[in-house]
Amino acid sequence: MSDSTITPVFVRLKLSLLRNGLRQSGGRKAAYIASAVFALLFAALQLIGLIALRGHAHVESLVVLVAAVLGLGWAVMPLFFPSGDETLDPTRLVMLPLRPRPLVQALLTASLVGIGPLFTLCLLIGSVVAVARGGAAFAVGVVAVALALLVCVALARAVAAANVRLLTSRKGRDLAVLSGLVIAIGAQVVNFGAQRLGASGLGELDPAADVLQWVPPASAIAAVHAVGEGSYGLAAAQLALTAGALAALLAVWSRHLTRLMTSPDGSTLPAAESAARQRTSTGLGRLLPAGRTGTVMERSLRYVWRDPKTKAAWVTSLAIGLIVPVFNAWQGTGSVYFACFAAGMLGIQMYNQFGQDTSAFWMVAMTISSTRDAYVELRARALALLLITLPYATLVTVVTTAMLGDWRRLPEALGLSFALLGAMLATGAWTSARFPYSIPQEGYKNVAPGQTGLAWISIFGGMIAAAVLCAPVIALTIWLNVSAEGDDWTWLLLPVGTAYAAALTAVGLRLAAPQTARRLPEILTAVSKG
């Protein structure tokens, strides 16, 4: 096969992969068509919206930011969705007599086929139309769109090639679970950003745009605006920067392709050596209590660190628990009581404790022969959670209080946070024994089919019960704040909330222990369905 015929072959290969993938099932075809229609409709609306902003005083800042976000999205896409494009794995081509340069050209052209490139193209065209003024600007816009699109695609390919060993492993596929974290945090950032822009206008984007106009691919779109303003030297520099970035990405991509297709895969040896070192490491165990309590705590903490879905749930809770109070305080619309959001998000991790073990729970079940065993098991799991939750909830509360400058309310905010955490530990332990459900290990679902009702009862029912249990501390907080002499006694809410949380946790564990010991067969059956 000559170098000149490689590119059309790879384009046909990409089209064949798309066509054959849709033939696998009607459901997959329907999902693909629906997602394509939604993506293209959204792109069309964005295109119309950008064109409608033409002539706005600060539209250039918006389009520069849009181009930068597109580049960021293409950079992280291979990490979170490695299975979305089978051609992202160049190791499938190692047996073919292909040279790196024509292979890069063919793969780059084939990468332009798909919904993602079309979506990106629509937004880039809309950005150019929004800022272009005059025939010269539109002419430069054609070059800018081509360069920006190629930079986005080459960036995704370079990232995929650099991480292909990870992405094609099980750990790499499990990394996709963390996409939920990106979506959750991104939604919060977009929400607060939209609120700020709605109040202050697009002018708020100017400082960020001044920096991003020198970051490819945003620099290509900035060049179009520069030409419209008559700054031809600036535009030439920005286009040259984008072209240089494209050349650098192609060189990096080519180098990784050469190494992947000529070097043996020795990734399993370091992994085995690392696993051996981890098995002999007992540093964590030496810091925990002796006996069953320490063993269970260590197991729970290792789940948080090693299990992809458990890790994703924890990281998401930690991130959102900080973002909500801090962002509201930063905007000047928050309250110290928003810090309780951190305790609430982390307290959810106590729910469905046995479902997190999945089918491995049978090994735990074999060690529980009495109510005492069940109590120690639940208590150790709660202590493992508290090792992370207590200092984190305290940190978020202190940071929120410092941002608002309302130090007088710090004791009551901490007391409420601790009371909420204790209530969620208590209800979480009980619902874990009474309403367990399975968490599938593969895919993105967090509830096994047929157990959605159990999940709703366990989580939302438990949260409602926790809110009811916190009512006495909430009522005391309100009374002290409205009372004429209550301000002098609000500091009591910290020890009262702490003691109340400890009492609730102890009572909840005592009530859940007999449920756990008595219902072991039902729990084992429920959590093993996934």
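As a basis for the values below, the full set of heavy atoms in this structure was taken, side chains included, without hydrogen atoms, waters or symmetry mates.
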ask   = Can you say whether the rings of Trp430 and Phe435 are parallel (under 30°), tilted (30 to 60°) or perpendicular (over 60°)?
value = perpendicular
message = With side-chain contact (heavy atoms from CB on, under 4.5 Å) as the test, pick out the partner of Thr401 among Thr397, Val398, Leu404.
response = Thr397
ask   = What closest approach, in Å, do Leu346 and Ser317 show between heavy atoms, and which atom pair accounts for it?
value = CD2-CB, 3.9 Å
message = Regarding Tyr375 and Thr516, do their side chains bring together a donor and an acceptor under 3.5 Å, going by distance alone?
response = no
task = Assess whether atom CH2 of Trp456 is packed by more than 12 heavy atoms of other residues, nucleotides or ligands within 6.0 Å.
result = no
ask   = Any idea which heavy atoms bring Leu420 and Cys470 closest together, and the distance?
value = CA-SG, 3.4 Å
query = Does a donor on one side chain sit under 3.5 Å from an acceptor on the other, for Arg292 and Thr367?
reply = yes
key: Phe418 side chain near Leu414 side chain, heavy-atom distance below 4.5 Å   = yes
key: Smallest separation among heavy atoms of Tyr351 and Gln356, with atom names   = O-NE2, 3.6 Å
query = For Leu509, does its backbone N or O pair with a side-chain atom of Arg379 as donor and acceptor, under 3.5 Å?
reply = no
query = Can you name the nearest heavy-atom pair linking Ala517 to Ala374, along with the distance?
reply = N-CB, 4.1 Å
query = Do you see a donor-acceptor pair shorter than 3.5 Å between the side chains of Arg409 and Thr490?
reply = no
message = I need the minimum non-hydrogen distance between Val396 and Leu322, along with the two atoms involved.
response = CG2-CD1, 3.9 Å
ask   = How far apart are the closest heavy atoms of Ser111 and Arg157, and which atoms are they?
value = OG-NE, 2.6 Å
message = Under 4.0 Å between a side-chain nitrogen and a carboxylate oxygen: does that hold for Arg519 and Glu522?
response = no
